[in-house]
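See structure below.
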2 protein chains.
Amino acid sequence: MYSSELIKGTLKTIILKLLSDSDEMYGYELTQRVKELTGGKIQLTEGALYPTLHALEAQGVLSTNVVNVGNRIRKYYSITPTGKQLANDKVNEYADFIHTMTFLLGLKPNMG
Amino acid sequence: MYSSELIKGTLKTIILKLLSDSDEMYGYELTQRVKELTGGKIQLTEGALYPTLHALEAQGVLSTNVVNVGNRIRKYYSITPTGKQLANDKVNEYADFIHTMTFLLGLKPNMG
DNA sequence: ATATATACCTAAGAAAATTATGTATATAAA
DNA sequence: TTTATATACATAATTTTCTTAGGTATATAT
């Protein structure tokens, strides 16, 4: 796990990117997918995730589809056309930012 | 300029890295150096910078040296041995984080 | 029975930033 | 000469974003 301050500001970008590459995903699924893809290094907390999903929906970049699975509720989120554009912009901006930080911190362009 | 949320959580790392590579720097100098190195893409705001410098000093990772330049005050910061270690840790953690985010967002390992 | 996993949610508080404001000197431009 | 910009420090109110903690409920494994 990274120190919490590092992850700040990346939540929306992560959500939008994953939903951009998938037909639809529900909240809990997003937490599991991120955990899996990052080997547990990034773990989305529910207290941050759900309010952000609600905000993105209110903003019109996500739409929802509530489904009953057995007796449990599951709320699927899918990205809207506006959202897809925003996802692209955010990912591109982040790529640029990474490039800038890599230079500023004197890191090798492709270490890892 | 990047959207403000992106830069969040990187301030301490940037300060520690620059002071790690320099004998001493003062606050205003840090803002100018970062602006210069990033082509204006990252601009440290004084409201964020000064409180953070004070906190890092209180934490023992920075030490200060106040100098009179003409009739103006200038407060030089230099990094302590503890600070040098912290700078290293933070930069390494950020390098790892960049690697993880690059994969998560599906970016090329070295685009730019 | 109990713990863990799934699955949603909100609210109080903390952390970290922005924005605004204040003080003061030096210098360049109008 | 007065006005704007640059230098140089600082704090305070507010906003944003996240953590921590709590709540509800079902399913499954121990």
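Every chain is numbered from 1, with letters handed out A, B, ... down the list of sequences.
Taking the nucleotide of DNA chain C with the nearest heavy atom to each of A:E46 and B:N71, the more 5' of the two is matched to A:E46. Residues B:G47 and A:G47 each lie close to DNA chain D; by heavy-atom proximity, the contact nearer the 5' end of the strand is made by B:G47.
When all heavy atoms are compared, the tightest approach of B:K41 to B:Y2 is CD-OH, 3.2 Å. Pairing each heavy atom of B:I79 with each of B:A87, the nearest pair is CD1-CB, 4.1 Å.
Contacts of B:G9 with the nucleic acid, taken as non-hydrogen atoms under 4.0 Å apart, involve only primed sugar atoms and P, OP1 or OP2.
Atom P of nucleotide D:dT17 and atom CG of B:L6 are separated by 11 Å, given to the nearest angstrom. When rounded to the nearest whole Å, the span between OH of B:Y77 and P of D:dA8 equals 14 Å. In this structure, the CD atom of A:Q43 is 12 Å from the P atom of C:dT6, given to the nearest Å. Protein atom NZ of A:K35 is 10 Å distant from nucleotide atom C1' of C:dA5, rounded to whole Å. Atom pair A:I7:CD1 and D:dT17:C1' shows a separation of 13 Å (rounding to whole Å applied). Note: NZ (A:K8) to P (D:dT20) measures 10 Å, nearest angstrom. Counting to the nearest Å, the P atom of C:dA16 and the CD atom of B:Q59 are 10 Å from each other. Atom-to-atom, CG of B:L44 to C1' of C:dA17 comes out at 12 Å; the value is rounded to the nearest Å.
Checking the phosphate oxygens (OP1, OP2) of C:dT10, a side-chain nitrogen or oxygen of A:H54 falls inside 4.0 Å. Within the structure, every side-chain polar atom (N or O) of A:Y50 is placed at least 4.0 Å from both OP1 and OP2 of C:dC9.
When the side chains of ILVMFWY residues are joined at heavy-atom separations under 4.5 Å, either directly or via intervening members, A:F103 and B:V91 end up in a single hydrophobic cluster.
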